[in-house]
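Inspection log for the structure reproduced underneath, given as structure tokens.
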Amino acid sequence: MTNYTLMAYAPEAAQPFQQTIAAARDSDALEAVRRFLRGPQGVRQVELWRDDRRIATVERVV
């Protein structure tokens, strides 16, 4: 398992929401990002980080 950091940005939030997730593969971590974007309506952008490197940025289109 690899630890990933999920950073979620909402326009009205002063600080991004940060959560650490564990996943076996990058694709599993990206699925967690997709599920997160279907949740809180204020979130517009989610970044996925591994080992201090951003590996994905996903934006919600409204």
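In terms of the salt bridge (charged side-chain N to carboxylate O under 4.0 Å, His left out) criterion, residue partners of E31 (sequence neighbours excluded) are, by chain and number, R34, R38. Legend: residues meeting side chain to side chain contact (heavy atoms under 4.5 Å, CB included) with T5, ordered by chain and number and at least two apart, are M7, Q18, T20, W49. Residues passing the side chain to side chain contact (heavy atoms under 4.5 Å, CB included) test with A13, sequence neighbours excluded: A10. Legend: residues meeting salt bridge (charged side-chain N to carboxylate O under 4.0 Å, His left out) with R25, ordered by chain and number and at least two apart, are D28. Residues that satisfy the ring-ring contact (aromatic ring centres under 6.0 Å, His included) test with Y9, not counting sequence neighbours, are absent from this structure. For A29, the side chain to side chain contact (heavy atoms under 4.5 Å, CB included) test picks out Y4, I21, A23, L48, with sequence neighbours left out.
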Checklist entry - Given R50 and T2, is the side chain to side chain contact (heavy atoms under 4.5 Å, CB included) satisfied, shown in steps? => result CA-CA 8 Å; R50 180 187 65 221; T2 302; 3.8 Å; yes

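Looking at every heavy atom in both residues, P11 comes nearest to R44 through CD-CG, 3.6 Å.
For residues 5-16, no pair satisfies salt bridge (Lys or Arg N to Asp or Glu O under 4.0 Å), with sequence neighbours left out.
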